There are 2 protein chains.
Amino acid sequence: MKPKLTLKKIAKELDVSISTVSKALRDSPEIGEETREKIKAFAKHYNYKPNNIALSLKNRKTKTIGIIIPEIVHHFFTTVISGVEKVANEMGYNVLVCLSDNSFDKEVLNMEMLANGSTDGFILSLAKETMQKGDYHHLQEAINQGMPLVLFDRVVDSIACDKVIIDDVAGAKKAVQHLLDVGCRRIAMISTVDYVSVGKLRTKGYKEALEENDIEFDENLILKIEEMEDSEKEIEEFLSNCEVDGVFAVNEHFAISAVKTLQESGKKVPQDVSVIGFTDGELSKRFIPGLTTVSQHGMRIGEESARLLIEKLERTPTEEDYYKTIIVETGLVVRDSTKSKK
Amino acid sequence: MKPKLTLKKIAKELDVSISTVSKALRDSPEIGEETREKIKAFAKHYNYKPNNIALSLKNRKTKTIGIIIPEIVHHFFTTVISGVEKVANEMGYNVLVCLSDNSFDKEVLNMEMLANGSTDGFILSLAKETMQKGDYHHLQEAINQGMPLVLFDRVVDSIACDKVIIDDVAGAKKAVQHLLDVGCRRIAMISTVDYVSVGKLRTKGYKEALEENDIEFDENLILKIEEMEDSEKEIEEFLSNCEVDGVFAVNEHFAISAVKTLQESGKKVPQDVSVIGFTDGELSKRFIPGLTTVSQHGMRIGEESARLLIEKLERTPTEEDYYKTIIVETGLVVRDSTKSKK
DNA sequence: TTTCAACACGAAAACGTTTTCGTAGTTTCG
DNA sequence: CGAAACTACGAAAACGTTTTCGTGTTGAAA
């Protein structure tokens with residue numbers, strides 16, 4: 001187990017000074033050609049690689065970006081990570097992944113850990129608990145300390161920073177419009193609670209679509225689900241109590257539960273009821289019938305976030321601050337859970 | 001944007017030396033009570049946190065562990081990460097995630113990046129290309145440099161290090177035995193290519209189960225799939241050309257494709273053909289019919305890996321080396337894609 | 001021969017810690 | 001009262017780099 005080679009060791013071995021070694025390896029013209037070649041040959045032969053930690057300390061930047069997400073066992077978030085990783089790697093950055101488990105405390109803890117030098121900046125999607133609580137002091141603190149921050153998906157208006165989101169309203173509208181187009185008239189919506197911005201925005205899109213088509217909004221056709229755990233039962237109860245010909249679900253799971261429930265109660269999908277979901281994951285793709293769904297391009301969201309962050313990191317500090325919000329558009333993937341247009 | 005507080009600044013502000021500040025904050029009895037309290041109060045008030053990079057440099061350890069996986073958009077790997085993250089966090093470690101994209105070159109590059117001080121050790125599942133190539137010099141190099149390495153899932157015998165695997169043979173055997181128990185006699189297997197150890201081992205389990213039940217092994221009942229992309233077509237072709245009453249698939253996707261194909265060709269699952277998969281993901285759970293499957297507990301694999309690695313990291317270097325291989329047992333999750341036992 | 005660039009290299013500071021060792025000033029004890 | 005032992009603190013080295021600023025040695029110009 002040979003310890004790592006350092007400049008100092010090379011210097012001693014070749015009987016020159018540390019500075020000379022450093023300069024030679026960085027091709028400084030200050031060093032004579034002969035010495036330079038000798039040092040470079042030696043370094044190459046013994047596979048010298050500079051120590052990142054020392055470099056980080058010296059340069060005051062780590063070349064790693066921290067991403068904090070509520071959960072990782074979730075298709076959408078993994079695609080985002082994948083996107084972040086891709087462009088980060090291309091730009092010579094590493095990615096430190098932390099999970100908040102949707103807990104406010106863990107989110108704060110993670111940020112504090114990473115803020116003390118481990119990371120140059122953050123990419124973050126808020127924990128459910130954080131949004132509920134409405135306490136964003138940890139975000140503001142990071143920003144105040146000069147750490148760039150990019151919020152994605154679950155964002156909040158009151159923090160001034162770069163953001164990457166999808167057009168939830170437009171996406172939901174698109175979905176509901178599709179249901180209307182294929183002939184649905186009584187459309188239920190299965191959503192999450194409102195404090196997750198996503199729930200509110202998609203509800204808005206739902207309403208807008210109805211309005212534009214002169215269909216009356218009916219509060220009773222909306223189900224808001226608090227806990228993932230009991231969702232299946234709630235959906236079953238909800239759907240058995242209201243006569244509908246279309247269902248707009250705010251994620252894959254709800255959509256699938258809806259299909260299951262409907263089928264079990266003797267209804268046919270899509271002949272009797274059309275169902276449309278949000279988030280295009282493995283589930284939607286492989287389910288039978290294939291789920292028509294609104295796809296949010298997680299990979300692109302990750303890529304844009306990383307690009308935004310790195311841009312901030314590498315800009316000279318004198319350039320003035322301004323914050324962008326990038327909207328990654330959603331797409332409609334039509335499969336077999338909605339009737340075809342007439 | 002106030003810059004971070006450092007020992008030096010505190011020292012200057014309070015007109016003491018840096019050493020005094022450092023000692024006071026670490027509750028050294030060397031420092032008088034009065035001074036100590038003053039310094040601690042100041043530090044607390046201005047929220048001093050030591051710089052991790054400086055600590056890393058000084059202590060020669062980063063308190064972060066690197067995990068390199070072939071792909072992240074994959075339920076199994078995300079559960080593993082989740083497990084690693086969990087125990088890493090509990091023990092005060094951070095997790096650096098890198099993706100090899102199943103490419104040998106990216107795997108090597110990632111290891112080199114992280115080996116230069118970014119990480120104290122590795123948790124790694126080999127890229128497909130790496131296994132195919134059989135070139136493991138980068139692993140050996142890391143070990144030689146004194147960086148502990150834990151291999152999981154896709155491991156290789158020739159490298160001496162800690163390993164966490166599942167009992168692929170037993171798991172496959174269990175699956176096939178289940179098919180036999182519910183009355184299947186002609187059982188097809190849909191597998192991956194052999195150089196991924198998983199493919200080979202599960203095939204072995206398949207054969208063993210048949211053998212123990214005195215059923216003749218038929219080469220024609222095995223399909224080996226190279227590329228994920230074309231799997232669906234291949235499976236369709238394969239199943240339409242052989243009469244079977246049971247299918248053992250080596251992952252969720254293959255299992256689902258099998259069910260789909262069978263249903264389309266008029267067969268009923270599980271009445272006519274029973275199908276069993278490997279890896280218990282969202283897909284298996286939510287599919288209709290729910291997929292009977294062998295579950296590999298990714299979370300536990302991650303936890304065990306992290307524990308193993310951290311144990312190595314924190315043991316005193318004098319303790320002798322020995323390597324463990326932990327086998328995380330698989331479970332059989334019976335759902336609706338296999339007939340019930342008679 | 002003197003003067004001065006140009007050249008080739010080294011010393012030292014800096015990044016932010018921790019830790020060893022040294023040393024004033026005070027107390028204790030014989 | 002002198003020596004020894006504490007007490008409370010500071011100086012400096014070390015971790016591995018990069019970079020600024022010397023400085024000694026050449027060679028050429030004057």
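Chain A is the first sequence line, chain B the second, and so forth, proteins listed ahead of strands; every chain is numbered from 1. Keep in mind it's a predicted model, so treat the numbers as computed, not measured.
- The aromatic rings of B:F152 and B:F76 lie tilted to each other, with the angle between the two planes from 30° to 60°.
- Scanning all heavy atoms of the two residues, the minimum distance from B:Y136 to B:L126 falls at CE2-CD1, 4.1 Å.
- Using a 4.5 Å heavy-atom cutoff, the side chains of B:V16 and B:V21 are in contact.
- In summary, the side chains of B:E112 and B:N116 do not present any donor paired with an acceptor at a separation below 3.5 Å, with no hydrogens or angles considered.
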Where protein sits on nucleotides 23-28 of chain D, one letter per nucleotide: B base, S sugar-phosphate only, - none, heavy atoms under 4.0 Å: ------
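- Residue contacts shown for A:K23 include a base, since a base heavy atom lies under 4.0 Å away.
- A:S22 comes within contact range of at least one nucleobase, with a heavy-atom separation under 4.0 Å.
- Seen from the ring of B:Y322, B:K312 counts as a face-on cation partner, given the 6.0 Å and 45° thresholds.
- For the segment residues 9-18 of chain B, the set of residues with a heavy atom within less than 4.0 Å of an atom of DNA chain D comprises B:V16, B:S17, in numerical order.
- Taking every heavy atom of both residues into account, B:N110 and B:L99 meet most closely at ND2-O, 3.0 Å.
- The two atoms that bring A:T62 and A:S56 nearest to each other are CA-OG, 3.6 Å, heavy atoms only.
- Closest of all the heavy-atom pairs between B:D153 and B:S125 is CB-OG, 4.0 Å.
- Comparing the end axes of the helix from C:dT1-D:dA30 to C:dG30-D:dC1, each fitted to five base pairs by superposing C1' atoms of four pairs onto the next four, gives an inter-axis angle of 80° (nearest 10 degrees).
- Between A:E304 and A:K163 no salt bridge is recorded (no basic side-chain N to carboxylate O distance below 4.0 Å).
- Near DNA chain C, meaning a heavy atom under 4.0 Å from it, residues 53-62 of chain A has A:L57, A:K58, A:R60 in order of number.
- Residue A:T130 is tested with A:H138, A:E107, A:R154 for a side-chain hydrogen bond (donor to acceptor under 3.5 Å, both in side chains); the sole match is A:E107.
- Near DNA chain D, defined here as any heavy-atom distance below 4.0 Å, the residues from residues 26-39 of chain A are A:R26, A:E30, listed numerically.
- Taking 4.0 Å as the cut-off between side-chain N and carboxylate O, A:E90 and A:R307 do not count as a salt-bridged pair.
- The local environment of CG in B:D157 is sparse, with at most 12 non-hydrogen atoms from other residues, nucleotides or ligands closer than 6.0 Å.
- Counting all heavy atoms, side chain and backbone alike, B:S100 lies closest to B:I68 at CB-CG2, 4.2 Å.
- Aromatic ring orientation, B:H74 versus B:F77: perpendicular (interplanar angle above 60°, classes split at 30° and 60°).
- Checking A:T20 against A:S17 by side-chain atom types alone, a donor-acceptor pair falls below 3.5 Å.
- B:T6 comes within contact range of the sugar-phosphate backbone alone, with a heavy-atom separation under 4.0 Å but no base atom that close.
- Taking the 5' to 3' direction, DNA chain C first and last meets chain B under 4.0 angstrom from a heavy atom at C:dC15 to C:dC21.
- A pairwise comparison of heavy atoms in B:S305 and B:V164 identifies OG-CG2, 3.5 Å as the closest pair.
- A salt bridge links B:D101 to B:K106: at least one charged side-chain nitrogen sits closer than 4.0 Å to a carboxylate oxygen.
- Listed for the B:D120 side chain is no donor-acceptor partner under 3.5 Å among the backbone atoms of B:L313.
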